[in-house]
Structure formats: structure tokens, C-alpha cells
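Notes follow the structure.
Read the numbers this way: they start at 1 and go in the same order the structure lists the ligands and their atoms.
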Amino acid sequence: MKFKTTPYHHDLLKDKDRLSVFWQAIQEYDSSTELAYDLGCGSGVLSYFLSSKFDEIIAIEMDNKASKCAKDNLADFGNVKVINGNVLDYEFSKKADLIVCEMLDTALVDEEEVPVLNYAKQFLKEDGKIIPQEIINTAELVNLERHHIHWDEDVNYEVFSKPVVYSQINFLDDINPDFKADLKLKTNRAGLINGLKITTYTKLDDNIIAGPTPMLNPPLLVPLPDKQVNINDFINVEIKYIMGNGIESIETRYL
Ligand SMILES: C[S@@+](CC[C@H](N)C(=O)[O-])C[C@H]1O[C@@H](n2cnc3c(N)ncnc32)[C@H](O)[C@@H]1O
């Protein structure tokens, strides 16, 4: 099927690894099949995947152009209703069996996955599911060339520690968007460190975990003050951010 899209949603569609994990998770979903919500439906591609499994799909997208594309793309699918609006203002009238919400970004800082799901999951049946199910965040010490927060896209950096898991967020839980963690990282070489690399893994369901892809959570590089380290030093770092408030909300400091 050929999709009408905006340039941004076209890049999302071109990322075949991102699409294939969502496709697989939706194929593996085999509970009740009455109603699904597709929150932030973009071009409508995930509603298209859902359309053969559900009696009714309500797809919500706040970007006017993208929702117009989704309406056109899904016009022949009588079981999909596309709504142009903000999920946070939408008055849900029924509880769904499944919520699909791909407003993901690294550590969930920049996009609205957490505020949207905190609101929308009141409209999920008690035994309902969410795709993706969970995310896992890791951090590594690095030496960065650039001294501002940036994505891992065509940039150089050197890694100074193994990754440690510092948070795991299950979307069925009530999530406090105000996040703070104290990290303890062990250096595996001597030299100058000046940053953290944050990587997010996405658990789509019990069987599928996706690593970063170009359009699904490319790692985030966050500066720290310069620090000379030896091999096997323990470096303690505090990281704070507000999920959904943008990467400007990220603060890091040595403890
Ligand atoms: C990463 S894109 C995913 C699009 C599509 N689901 C896909 O997988 O190709 C996230 C989408 O969520 C939309 N979005 C973000 N916050 C929203 C909100 N509060 N209400 C409705 N849509 C929202 C964005 O406009 C964007 O189109």
C-alpha cells in the first residue's frame, strides 16, 4: 500500500526496522479484538497493521497534515476512524483492549508518551495491553566532541564504561514524569570523560525487544564537566529530567 505522508512521517515509514517490530508485535497480539486506540497515528501505518485484527480502531493525531494523510490513507478501511486532535483533550467514551502509542524517544524525555499514556490508560480495559509494553534505559560514560545535548547521528565519541541499566518503565504502571537517578559507573580505561550516552531499548511485548534505529530512539549524548579518570574508577552521576518536557529538561552532575 502506498502512504501519503509528511516528510517527517515519510522518514518514519522508511525505517523498516522500526516498522517491522511494531508489525510483529501487532501480529502476535491475540486477545480480544474489539477496540484499539492508535495514539499519535501519524500517517496511519500502525492503524493499517491493526485493521485486520480489530473490529474498531480509533486513531488520533494532532498534526493537521499528518491526520489528513491518515484519513486519506485509511479511507477504505471502514473499521478505522481518524481523529485530528490532541489525545490529552480527547474525550474517550469506551475502554479499549489495546493501546498502541508510538510517541517514543530516547528516555521518553522529548515526546509525550508518558503524559499521553498516563491519561489514556484510564480508558484501557482491566486486562488490556499497551504496545510497546516497556522501555529500558542504559547509560555509559563517554568523551564527546560536542558540548551540548545531541543525538547519536554521524558524531564521534569514545566510550569509557560498560552500559548500566538505570531505569525500566512499564507503561501499565502510573509513571511519575519527574525522573531522577544516581548512577554508579565504572571506567574501563584512563582518559578524559565529559558526557553520558543514554540508550533506550523498547520492549514491544513479552517476546520482542528493539534496540535503537534511526527513527526509534537514536542514543542521546549528554554533556558533563571534564573529568580525568583512571581505569576502574567509580564515577557517580546524578541525572534528572522531566519526561515529556523536552531534552532541555535534562540535568546531569557528578556526585
Ligand atoms: C513518532 S510519531 C509516530 C507516528 C506513527 N504512529 C508511526 O508509527 O509512524 C508520533 C506522532 O504522535 C503525534 N503526537 C504527539 N503528541 C500527540 C498528542 N498529544 N496527541 C496526538 N498526537 C500526538 C505526533 O504529531 C506524531 O505524528
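When hydrogens are left out, the protein atom nearest atom 15 (C) of ligand 1 is Met103 SD, 3.7 Å; that is the closest non-hydrogen contact.
Cluster membership check: Phe171 shares its hydrophobic cluster with Tyr119, using side-chain heavy-atom separations under 4.5 Å among Ile, Leu, Val, Met, Phe, Trp and Tyr.
Using a 4.0 Å cut-off between heavy atoms, Arg18 contacts ligand 1 through its side chain alone, with no backbone atom that close. Under 4.0 angstrom from ligand 1, there are no non-hydrogen atoms of Leu39. By the criterion of a heavy-atom distance under 4.0 Å, the side chain of Leu46, and not its backbone, is placed next to ligand 1. Both the backbone and the side chain of Val87 come within 4.0 Å of ligand 1, counting heavy atoms alone. Within the 4.0 Å heavy-atom criterion, neither part of Pro115 lies near ligand 1. At a 4.0 Å heavy-atom cut-off, ligand 1 touches Glu102 through backbone and side chain alike. Contacts between Phe22 and ligand 1, counted as non-hydrogen atom pairs separated by less than 4.0 Å, are absent for every part of the residue.
Here the closest heavy-atom approach between residue Met243 and residue Ile169 is recorded as SD-CD1, 3.6 Å.
Side-chain polar atoms of Asn137 and Ser167 form a donor-acceptor pair below 3.5 angstrom. Under 3.5 Å, the side chains of Asn207 and Glu28 contain a donor-acceptor pair of N or O atoms. For the residue pair Asn170 / Gln133, no side-chain donor-acceptor distance below 3.5 Å is found, with atom types taken as modelled.
The distance from atom CG of Leu124 to atom CG of Leu98, rounded to the nearest 0.5 Å, is 8.0 Å. Atom CD1 of Ile149 and atom CD1 of Ile250 lie 4.5 Å apart (nearest 0.5 Å).
Within the cation-pi definition used here (under 6.0 Å to the ring centroid, within 45° of the axis), Lys95 does not qualify as a partner of Phe123.
Heavy-atom proximity to Val116, at under 4.0 Å, picks out these atoms of ligand 1: 19 (N). Listed by number with element, the atoms of ligand 1 under 4.0 Å from a non-hydrogen atom of Gly85 are 20 (N), 21 (C).
The shortest N/O to N/O separation between Glu112 and ligand 1 falls below 3.5 Å. Taking distance alone, with nitrogen or oxygen atoms compared against 3.5 Å, His9 approaches ligand 1 more closely than that limit. Between Leu88 and ligand 1, no N or O atom pair is found at a separation short of 3.5 Å.
The residue from Lys65, His10, Glu61 that puts a heavy atom closest to atom 25 (O) of ligand 1 is Glu61. The residue among Val100, Leu12, Asp89 with a heavy atom at the shortest distance from atom 2 (S) of ligand 1 is Leu12.
At least one heavy atom of Cys41 sits closer than 4.0 Å to an atom of ligand 1. Judged by the shortest distance from any of its heavy atoms, Tyr8 lies inside the 4.0 Å radius around the atoms of ligand 1.
Using a 4.5 Å cut-off on side-chain heavy atoms (C-beta onward), Pro225 and Asn194 make no contact. Using a 4.5 Å heavy-atom cutoff, the side chains of Glu102 and Phe22 are in contact.
For Trp23, the CH2 atom counts as loosely surrounded, since its 6.0 Å shell holds 12 or fewer non-hydrogen atoms of other residues, nucleotides or ligands.
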